[in-house]
Participant: 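What follows is a single structure, and I will ask about it in a moment.
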Amino acid sequence: MTAFALIDGNCFYCSCERVFNPSLKGKPLIVLSNNDGCAISRTDEAKAMGIAMGAPWFQIKHLESRGLVGLSANFPLYGDMSERMMRIIGRFAPVQEVYSIDECFLDLSGMTQDLTQYGQQIRHQVFRDSGIPTCVGIGPTKTLAKLANHMAKKQKQWNGVCDLTALTRQDLAQAMHSIKVTEVWGVGKKISRQLNELGIVTALDLARLNPETARRKFSILLGKTIQELRGTPRIAFETDMEPKKQIISSRSFGFPVTGMSQLAEAISAFTTIACRKLRQQGSMASGISVFIRTSLFRPGRQYSASHLVYLNSPSSDTIAHTKAALSALQKIFRPGFNYAKAGVMLFDIEDSLIIQQALFPVEPEHEKREKLMSMLDAINRQFGKDTLKIAATGLHPNDNWFMRQERKTQGYTTNWNELMVVRA
DNA sequence: TCTGGGGTCCTAGGACCC
DNA sequence: TCTGGGGTCCTAGGACCC
């Protein structure tokens, strides 16, 4: 029988912060989104104070007087901790699928030992070697492994590891009866509301729905989800990191932005980030789209627009994409608005090698640009982000449009100037 | 005053072709 | 005057995920 495990870090961002600042243990702690906007990770203590996922900081800031700690997100640190955690977990099975920054699947099919014990071993090892607490869910399909993980997190009796493959049919049904349908992987707010109207309230109810009916009434996806809930794997295990098909870089601004020049700097910076990611995965893109918009939350006249531009040939050249992006910006910019957010999206992404070998002859100019870009990447890797950049991004972004991060912790593992210093 | 960012997949509908 | 039907491709938008 197949068996998959889903391992995820408990309130991952908060746990990363606690690794480097143990005094945060036991305290209500949240990590905030960019611009210190809203809560994106919460410890149990913070949840107990009634703080919801996504709660705006300005609405809950007053809880600081009751001991709440709010920290700005430190994404480089979390990315680095994630890599460590994934490496440790990866040693426990021949194949691993890294699903997000804080969770991964293992294929445990064919293993003969007690899987609950094995799950505890994984938790123990990860905690010892990285300091991150985790929960483990095990099931015959990925959807059931997710469900098991949810139970391991919410129901104390599992002690952090829930193995649904070890349950009798009856116990499994009872377990699924205890889970609301909206907690099932792939069932969001909208679908669960529609399901509720049909009297389908729990995961068990959904598992009993005819997959063919569900496919016709809702979508292919829901049909697959039901089959997975019944124990038939329908969602593939993906071990290779697939290259991204679109790459987005966008930000809300720390302050309202009105001028074309500031927007242009921001768009250039976003393009720089997106193109770096593009080159990292060895791809080229032939389309770039730019969007700008005012705040959704402020009263008054709003403006939102986007424009897509195609290059003459696929490219990973920051300069070519920046030119295209700025021409798109020219088309959609309207004066007289307070812009709150902007971003770029790269489209039509393909493998560099295939493009060069099969589709487009390499022009000498093109080759020079490519060397320039790899040099730029190498310098920035060695001497730090933004050591070398194109002038359009502006020299002092922080003064103009860049986001606020007033409560950020150190780059304990990612910045030479901020390494953790342990005094003897 | 202050409400994240980065993805994937599916579907419906239009354009176009035969 | 009559004014089909099926297929493909593309795009925008929706739903979902973390």
Side-chain angles (χ1 to χ4, degrees), chain A residues 6 8-13 30-42 51-62 70 72-75 78-79 82 97-105 142-143 146 149-150 153 181-195 214-225 234-236 238 241-256 270 273-274 277-278 281 287 289 291 293-299 304-308 310 338 340-349 403-407:
Chain A
L6 179 78
D8 79 338
N10 302 340
C11 54
F12 184 67
Y13 299 162
I30 58 173
V31 169
L32 300 166
S33 64
N34 283 329
N35 291 314
D36 298 341
C38 56
I40 54 173
S41 178
R42 308 160 295 154
I51 296 173
M53 191 66 173
W57 176 234
F58 74 93
Q59 283 174 7
I60 51 176
K61 196 167 186 292
H62 65 277
S72 299
N74 187 344
F75 289 113
Y78 311 149
S82 170
E97 174 185 341
V98 175
Y99 179 69
S100 75
I101 192 164
D102 73 328
E103 63 190 295
C104 67
F105 290 99
K142 283 164 80 174
T143 302
K146 286 282 270 188
N149 178 272
H150 177 81
K153 252 185 291 187
V181 71
T182 181
E183 306 293 348
V184 174
W185 191 36
V187 180
K189 242 165 64 186
K190 175 114 189 237
I191 305 281
S192 57
R193 205 179 322 123
Q194 292 171 21
L195 286 170
R215 201 180 60 77
R216 275 202 314 271
K217 270 192 120 131
F218 293 90
S219 71
I220 293 177
L221 263 53
L222 193 67
K224 281 190 187 178
T225 296
R234 298 285 292 145
I235 299 174
E238 286 162 20
M241 284 285 270
E242 290 290 314
K244 307 264 179 264
K245 293 167 187 168
Q246 54 179 252
I247 291 172
I248 301 173
S249 175
S250 69
R251 292 282 182 284
S252 295
F253 298 131
F255 310 87
F270 299 147
I273 293 168
K277 288 184 187 170
L278 188 66
Q281 67 167 31
S289 131
F291 74 89
R293 70 152 207 245
T294 54
S295 171
L296 297 169
F297 300 99
R298 214 170 309 161
S304 163
S306 71
H307 189 72
L308 172 60
Y310 284 97
N338 282 327
K341 184 173 179 175
V344 303
M345 249 181 270
L346 296 174
F347 286 99
D348 285 3
I349 293 175
M403 60 192 180
R404 276 198 305 258
Q405 279 196 320
E406 285 162 3
R407 336 177 119 252

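Values below: every heavy atom of this structure, side chains too, minus hydrogens, waters and symmetry copies. Each chain gets a letter, A, B and so on, in the order its sequence line appears, and its residues count up from 1.
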Participant: What's the closest nucleotide to the side chain of A:P56 if the choices are B:dT11, C:dC16, B:dT3?
Facilitator: B:dT3
Participant: Over all strands shown, is A:K189 touching base, sugar-phosphate only, or nothing at heavy-atom distances under 4.0 angstrom?
Facilitator: sugar-phosphate
Participant: Nearest whole Å is fine: how far is B:dG4 C1' from A:I248 CD1?
Facilitator: 13 Å
Participant: Among B:dG7, B:dT3, C:dC16, find the nucleotide with the atom closest to the side chain of A:I191.
Facilitator: C:dC16
Participant: In whole Å, I'd like the distance from the CD1 atom of A:I40 to the P atom of B:dG6.
Facilitator: 12 Å
Participant: Nearest whole angstrom, please: distance from the C1' of B:dG6 to the NZ of A:K244.
Facilitator: 9 Å
Participant: My understanding is that a pair needs two contacts under 3.5 Å, Watson-Crick or G-U wobble. By that rule, which nucleotide pairs with B:dC18?
Facilitator: C:dG5
Participant: When we call it a touch if two heavy atoms are under 4.0 Å apart, what does A:V184 touch: a base, just sugar-phosphate, or nothing?
Facilitator: sugar-phosphate
Participant: Any idea which of B:dG4, B:dG6, C:dC18 is nearest the A:E103 side chain?
Facilitator: C:dC18
Participant: Students often get this wrong, so: under 4.0 angstrom with heavy atoms, is A:I247 touching a base, only sugar-phosphate, or nothing?
Facilitator: sugar-phosphate
Participant: What nucleic acid atoms does A:S249 come within less than 4.0 Å of, heavy atoms only: base, sugar-phosphate, or nothing?
Facilitator: sugar-phosphate
Participant: Assign A:Y99 to base, sugar-phosphate, or nothing according to its heavy-atom contacts below 4.0 angstrom with the strands shown.
Facilitator: sugar-phosphate
Participant: Separation of A:L222 atom CG from C:dG14 atom P, in whole Å?
Facilitator: 20 Å
Participant: Once you measure the plane-to-plane angle for A:F253 and A:F270, does it fall in the parallel (<30°), tilted (30-60°) or perpendicular (>60°) bin?
Facilitator: parallel
Participant: In whole angstroms, how far is the P atom of B:dT8 from the CE atom of A:M345?
Facilitator: 12 Å
Participant: Tell me if a side-chain donor or acceptor on A:N34 pairs with a main-chain N or O of A:R251 at a distance below 3.5 Å.
Facilitator: no
Participant: Let's see if you can work this out: which of B:dG6, B:dG4, C:dC18 has an atom nearest to the side-chain heavy atoms of A:S100?
Facilitator: C:dC18
Participant: On DNA chain B, compare the nucleotides closest to A:K245 and A:K341; which residue's is nearer the 5' end?
Facilitator: A:K341
